[in-house]
Amino acid sequence: MSALATWGNELYTGKRSYPFTQKWRTWFTVAAVLLVAVVGLTLARGGFNLGIEFRGGSEFTVSSVGSTETAPGEEAVAQAVPDAEATVTNIAPGTMRVQTDRLTDDQTLAVAQNLQGAYGVGQDSVTSTFVGPTWGADVSQQALIGLVVFIVLVALLMALYFRTWKMSLAAVIGLAYVVAVTAGIYGATGFEVTPSAIIGFLTILSYALYDTVVVFDKIRENTEHNLEETTRTFGENVNLAINQTLVRSINTSVVAILPVGSILFIGALLLGAGTLRDISLAIFVGIIVGTLATIFIQAPLYALLRRGEDRIRANDARVLARRGAGEGTPEGTETVPA
């Protein structure tokens, strides 16, 4: 515990420093490779594994079952409709959900009868319904509208709050990356994309934005009087801010991941609740990606966007000249070439 506190203090004072902004090429390359990998795997798998709400189909709910094994449900569907692909899920204690492609009335009756026998329940315990793709399309449209409105408002508010559009641009690019990678992981691994997962994708934007604002606020504090700075360049001040908030970012992420991980574990492994699993999985992945994106993408990108400005470039040249003359090197800070 003492070592962790010492580590945090050294990061805050600048005695210990990790080169987040200086090695931006490495981080951006890794981020690009990850994005290309998940997109490529998603395309190789034939796109996202959309839930029945988006592609339409038949759904059966079997209640009061003694066993929550999925195999009886799959065999019941295969015996009635050999060509149908069934997705069987334990959605609650004693309740199974069976989803298939759209079935005819005769096929629906046959599957329902087989499910009664497979799970040893009565006729009243099996219900069936048809889910059309229209509902899922409406959800997707509303989610897309919500995402666009959110991004526009975030861009405007951050530009006003931080008084620079470049910080707003870096934040928005990072948020878009978080959503793209999180959705890509879903596509690459074949996890089913349901309306609950869509809600999870939108929810992670809030967490990612919170972490970004915390780090960017420290960057603004460190660079507010950058033109009067004589010991650190603009990029080094940004890097110092990332190091100073590193412990907070890690602690916040761990605190957020623990309850979400618990929900994911309880929902997916113990209760088998599909909705809980879909939301918690998206948030779980999004928290991790969002934290990494703030540290390795958004903050270094902001430094990169600003370093070409004439006043910053001139002041950086003065700082480096003083340092070359043996003056103005920050005490205890390891100097890494920009």
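The minimum heavy-atom distance between G184 and T42, with the atom names listed, is O-OG1, 3.3 Å. Annotation for T291 and S253: closest pair OG1-OG, 2.6 Å, computed over non-hydrogen atoms. When every heavy atom of T212 is checked against every heavy atom of A171, the shortest pair comes out as CG2-CB, 4.0 Å.
Going from atom CG of L301 over to atom CE of M167 covers 11.0 Å, rounded to the nearest 0.5 Å. Rounding to the nearest 0.5 Å gives a distance of 9.5 Å between CG of L34 and CG of L292. The distance from atom CD1 of I287 to atom CG of D211, rounded to the nearest 0.5 Å, is 10.0 Å. Atom CG of residue L156 and atom CD1 of residue I151 lie 11.5 Å apart, to the nearest 0.5 angstrom.
In terms of modelled atom types and a separation under 3.5 Å, the side chain of S168 and the main chain of T164 share no donor-acceptor contact. A donor-acceptor pair under 3.5 Å is formed between the side chain of Y119 and the backbone N or O of E69. No donor-acceptor distance shorter than 3.5 angstrom exists from the side chain of S125 to the backbone of V121, with no hydrogens or angles considered. Remark: side-chain polar atoms of K218 are not paired, donor with acceptor, to backbone N or O of A241 under 3.5 angstrom. Although no hydrogens or angles enter the test, the distance criterion places no donor-acceptor pair under 3.5 Å between the side chain of W24 and the main chain of F20. Remark: the backbone N or O of T233 is paired with a side-chain donor or acceptor of E236 at under 3.5 angstrom. In this structure, S58 contributes its side chain and L103 its backbone to a donor-acceptor pair below 3.5 Å. Side chain of Q107 to main chain of T104: a donor-acceptor pair is present (N/O by atom type, distance under 3.5 Å, no hydrogens or angles). Under the 3.5 Å distance criterion, the side-chain polar atoms of T182 are left unmatched by any main-chain donor or acceptor of V179. Remark: the backbone N or O of I312 is not paired with any side-chain donor or acceptor of R307 at under 3.5 angstrom.
Checking N251 against R248 by side-chain atom types alone, no donor-acceptor pair falls below 3.5 Å. A donor and an acceptor atom, one from each side chain of T129 and E59, are nowhere located under 3.5 Å apart. N243 and E10 are not linked by any side-chain donor-acceptor pair at a separation below 3.5 angstrom, with hydrogens and angles left out of the test. Side-chain polar atoms of N239 and S17 form a donor-acceptor pair below 3.5 angstrom.
Annotation: ring pair (Phe, Tyr, Trp, His ring centres under 6.0 Å) contacts involving residues 169-208, sequence neighbours excluded, comprise Y186-F191, Y186-F201.
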- Message: If you apply the rule side-chain contact (heavy atoms from CB on, under 4.5 Å), what do you find for T6 with N9, and how did you get there?
- Response: CA-CA 5 Å; T6 302; N9 289 332; 5.6 Å; no
- Task: Verify side-chain contact (heavy atoms from CB on, under 4.5 Å) between L169 and L305, making sure each step is shown before the conclusion.
- Result: CA-CA 9 Å; L169 177 62; L305 290 172; 4.2 Å; yes
- Which is it for Y302 and T21 under the side-chain contact (heavy atoms from CB on, under 4.5 Å) test, yes or no, and what are the steps along the way? CA-CA 9 Å; Y302 173 65; T21 58; over 6 Å; no
- Message: Show, in sequence, the C-alpha distance, side-chain angles and deciding distance for F60 and Q99, and conclude whether the side-chain contact (heavy atoms from CB on, under 4.5 Å) test is met.
- Response: CA-CA 6 Å; F60 300 84; Q99 296 178 325; over 6 Å; no
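The side-chain hydrogen bond (donor to acceptor under 3.5 Å, both in side chains) test applied to R311 returns no partner, not counting sequence neighbours.
N222 places none of its side-chain heavy atoms less than 4.5 Å from the side chain of R232. Between D217 and F162, the closest side-chain pair of non-hydrogen atoms falls below 4.5 Å. Contact check for L205 versus L209: no side-chain heavy atoms found under the 4.5 Å cut-off.
A cation-pi contact, defined as under 6.0 Å to the ring centre and within 45° of the axis, is absent between R313 and F234. Cation-pi geometry between R102 and F130 is met: the NZ or CZ atom falls under 6.0 Å from the ring centre, inside 45° of the normal.
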